Asks: 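The following block contains the structure, expressed as structure tokens.
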Amino acid sequence: MGVELSPKANAIITVLQGCNSFKRLQKIHAHVIVNGLQHIPAIANQLLHFCAVSVSGCLLYAQLLFQHLHNPQTQAWNSLIRGFALSTSPLQAILYYNHMIFSSTSHPDTFTFSFTLKACERLKAQNKCQELHGSVIQRGYESDVVVRTNLIRSYAANGLIESATMVFDEMTERDLVSWNAMISCYSQAGLHHEALDMYTYMRNEGVEFDGFTLVGLLSSCAHVGALNIGIHLHQIACHKEFTRNVYVGNALIDMYAKCGNLEDALCVFNGMHKRDVFTWNSMIVGYGVHGLGDEAINFFKKMLVAGVQPNSITFLGLLCGCSHQGLLKMGVEYFNMMSSMFNIKHGIKHIGCMVDMYGRAGKLEKALEIIRSYPSENDPVLWRTLLGSCKIHRNVKIGEIAMQNLVQLEASSAGDFILLATTYASTKNAQGVAKMRKLIKSRGIKTIPGWSWIEVGDQIHRFIVEDKSHPDSRMIYQKLEEVMRRVILAGYIEENFDMSMPGSSTEGCLEASSRYHSEKLAIAFGLAITSEETVLRIVKNLRVCRDCHVFTKFVSKAFSRDIIVRDRVRFHHFKDGLCSCKDYW
DNA sequence: TTAGGGTTAG
């Protein structure tokens, strides 16, 4: 039973509910004090709620109001916890939650848990998240769909994907938001196949989806190069009229660009009614990774004319395009422009692009100078990039400097030793080669396993080097032998294994031949089971090795097939025996 | 008089 309020108190509550500025609230508060109404819970809670939650509120003021409450009820705690959970200091939300549990007679409810879990998600407070899960069960709130969704998000943000999955799987009642939370959790954790599998489960359970679902799924399609699934989702987006949604449009552009289809990315871009910085960036980055620097610059200019402010990712796309197209002068111009004109700080990735750009152009001293001018960014990736350039330009002296730094940072990998070994080899330095071989052996250093994906229909087939796990493995190897015979007849000369590129695919077995590298298996599979006019689209987690690059060029000619390979850094369009990277990658 | 959601880079 609520307490009967005086007409004066009721009037104040009505005014408070319509309050829209902090200044006005302070005036109302003064009026409340003058009339001695500050201890009426309904008024105190309303004041607190406004200060803690409203966009024009003030959390400090909310704390002061809270301190004056004699016995704050759950609703008051919730206001404060909610306010801090969404603020720049979410830790305060957790501290208030602790305070509530240990020194208050009020009990947390489903709202309290939702807000505190939000704070854990933002803070990456893993232990607290687990503790809250226990309390949720203890207090009998585990069947609440919103609390569970918050648990999924919080676990996922804390890297506990298995726990998030468990919470989802054990839900007796799921709604669209919980499905979407699980999809986005997988997508952001890099578990793209799991995210795409959720789509099948949703369909099987007859769950309708919305723009949020599409964005999560399209992001995963983009990461694994699942163009067919992406096209299917695009059709659904058109059918359900989600294409006016800027998030969906952006995700579609990104998906098409990452799947190697820039024409359709542009088509979506042109059809969008509203565009934001993500829209422009998706196009610019798309052109950048395809090695089309001048197109990226073109789009950047149009972006400025449209009045959209670029951000650090815009410049990443531009620099990537300049670097891959060899546009050194333009690259330097944009690198300088980002800080001088747009006040955007150079990040490690931008510096990496510059090191790569100068390195490729043979200006190794300048590349070294760039790394040294950013001592706080002493990152192995920069030294590795430089090492790669030293190999191309046969510069042992700077290569050794790069290697020393990698060793000092305890970040040297087998690929790095191989790079330096080949640099020694190219300068006929047998002693250096022997030294590197000895180091690789004695340190037992392992490489990153290489993977290649190919999408056929709505299925994604994954291969590793010498993979025999595919159900059609026998057929794939037979096809590869046939392909080999045809390309050798056309002039292809098989290499043993590539030692040329940084992070290139030695695929975890240094001594193996590159004949059964994952992309060769993916290509053989694609040739065997798709029609002659189908473009083969392959995605690889490492850089394409030189042998596979040559091989793919020959295949594109001998089989009259367009093959698009997306490797770790860029796209390669193989057609009629040539590659879009012009062998410069 | 209170809740849970999305994209680029990595």
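Below, all heavy atoms of this structure are taken into account, side chains as well, without hydrogens, waters or symmetry copies. A note on names: the letters A, B, ... follow the listed sequences, proteins ahead of strands, and every chain is numbered from 1. None of the values given here were measured: they were computed from a predicted structure.
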Asks: Using a cut-off of strictly less than 4.0 Å between a heavy atom of the residue and any atom of DNA chain B, enumerate the qualifying residues of residues 76-91 of chain A by number.
Replies: A:N78, A:R82
Asks: Tell me whether the guanidinium CZ or amine NZ of A:K240 lies under 6.0 angstrom from the six-membered ring centre of A:F242 and within 45° of its axis.
Replies: no
Asks: Atom CD1 of A:I344 to atom P of B:dA9: distance rounded to whole Å?
Replies: 17 Å
Asks: What's A:T213 touching, base or sugar-phosphate or nothing? Going by heavy atoms closer than 4.0 Å.
Replies: nothing
Asks: Does a side chain donor of either A:S114 or A:N150 reach within less than 3.5 Å of an acceptor in the other side chain?
Replies: yes
Asks: Taking CE from A:M182 and C1' from B:dG4, how many angstroms apart are they, rounded to a whole number?
Replies: 15 Å
Asks: Identify which nucleotide among B:dG6, B:dA9, B:dT2 has an atom closest to any side-chain atom of A:V215, counting heavy atoms from C-beta outward.
Replies: B:dG6
Asks: Take the protein atom CZ of A:F113 and the nucleotide atom P of B:dT2, then report the distance between them rounded to whole Å.
Replies: 19 Å
Asks: Is there a side-chain contact between A:F335 and A:L318 (heavy atoms, below 4.5 Å)?
Replies: no
Asks: Please state whether the phosphate of B:dT7, meaning OP1 or OP2, lies under 4.0 angstrom from any side-chain nitrogen or oxygen of A:K258.
Replies: no
Asks: What is the distance from CD1 of A:I284 to C1' of B:dT7, rounded to the nearest Å?
Replies: 15 Å
Asks: Under 6.0 Å from the six-membered ring centre of A:F168 and within 45° of its axis: does the NZ or CZ of A:R174 meet both?
Replies: yes
Asks: Decide if atom CD of A:E162 counts as having more than 12 heavy atoms of other residues, nucleotides or ligands within a radius under 6.0 Å.
Replies: no
Asks: For the ring pair (Phe, Tyr, Trp, His ring centres under 6.0 Å) test, which of A:Y97, A:F111, A:F115, A:F66 pairs with A:W77?
Replies: A:F66
Asks: Side chains of A:D144 and A:F113, heavy atoms from C-beta outward: is any pair under 4.5 Å?
Replies: no
Asks: Under a 4.0 Å heavy-atom cut-off, which of residues 259-282 of chain A touch DNA chain B?
Replies: A:F278, A:N281
Asks: Would you classify A:D175 as touching base, sugar-phosphate or nothing, given that sugar-phosphate means primed atoms plus P, OP1 and OP2, and contacts are heavy atoms under 4.0 Å?
Replies: base
Asks: Let's see if you get this right: which residues in residues 349-359 of chain A place a heavy atom under 4.0 Å from DNA chain B?
Replies: A:K349
Asks: How are the rings of A:F315 and A:F342 set to each other: parallel, tilted or perpendicular (split at 30° and 60°)?
Replies: tilted
Asks: Can you say whether the rings of A:W453 and A:H193 are parallel (under 30°), tilted (30 to 60°) or perpendicular (over 60°)?
Replies: parallel
Asks: Going by number, which of residues 236-255 of chain A have a non-hydrogen atom under 4.0 Å from DNA chain B?
Replies: A:N245, A:Y247, A:V248, A:N250, A:D254
Asks: How many Å lie between CG on A:N45 and P on B:dT1, as a whole number?
Replies: 10 Å
Asks: Roughly, in whole Å, what's the span from OH in A:Y141 to P in B:dG4?
Replies: 17 Å
Asks: Please determine whether a side-chain nitrogen or oxygen atom of A:Q188 lies at a distance below 4.0 Å from atom OP1 or OP2 of B:dG6.
Replies: no
Asks: Should A:F84 and A:L91 count as side-chain neighbours, where that means a heavy-atom distance under 4.5 Å?
Replies: no
Asks: Check this for me: A:R275, atom CZ, are more than 12 non-hydrogen atoms of other residues, nucleotides or ligands nearer than 6.0 Å?
Replies: yes
Asks: Distance-only check: which donor-acceptor pairs under 3.5 Å involve side-chain atoms of residues 260-273 of chain A, not counting sequence neighbours?
Replies:
| residue | atom | partner | partner atom | Å |
| --- | --- | --- | --- | --- |
| A:N261 | OD1 | A:D264 | N | 3.3 |
| A:N261 | ND2 | A:D264 | OD2 | 2.9 |
| A:N270 | ND2 | A:L266 | O | 3.3 |
| A:H273 | NE2 | A:R244 | NH1 | 3.1 |

Asks: With a non-hydrogen cut-off below 4.0 angstrom, is A:F115 in contact with a base, only sugar-phosphate, or nothing?
Replies: base
Asks: A:I313 has an atom CD1; how far is it from atom C1' of B:dG10, in whole Å?
Replies: 9 Å
Asks: Check the distance between B:dA9's C1' and A:K345's NZ and give it to me in whole angstrom.
Replies: 16 Å
Asks: Has the side chain of A:E173 got a donor or acceptor atom that lies under 3.5 Å from a matching backbone atom of A:M171?
Replies: no
Asks: With heavy-atom distances below 4.5 Å as the criterion, would you say the side chains of A:R570 and A:H290 are in contact?
Replies: no
Asks: Would you jot down, in residue-number order, the residues of residues 152-164 of chain A having a non-hydrogen atom under 4.0 Å from DNA chain B?
Replies: A:R153
Asks: With side-chain contact (heavy atoms from CB on, under 4.5 Å) as the test, would you mind laying out the steps for A:I12 and A:L16 before giving the verdict?
Replies: CA-CA 6 Å; A:I12 285 175; A:L16 272 171; 4.1 Å; yes
Asks: Within a strict 4.5 Å, meaning less than it, do heavy atoms of the A:F209 and A:W179 side chains meet?
Replies: no
Asks: Any sub-3.5 Å donor-acceptor pair from A:D356's side-chain atoms to A:G359's backbone N or O?
Replies: no
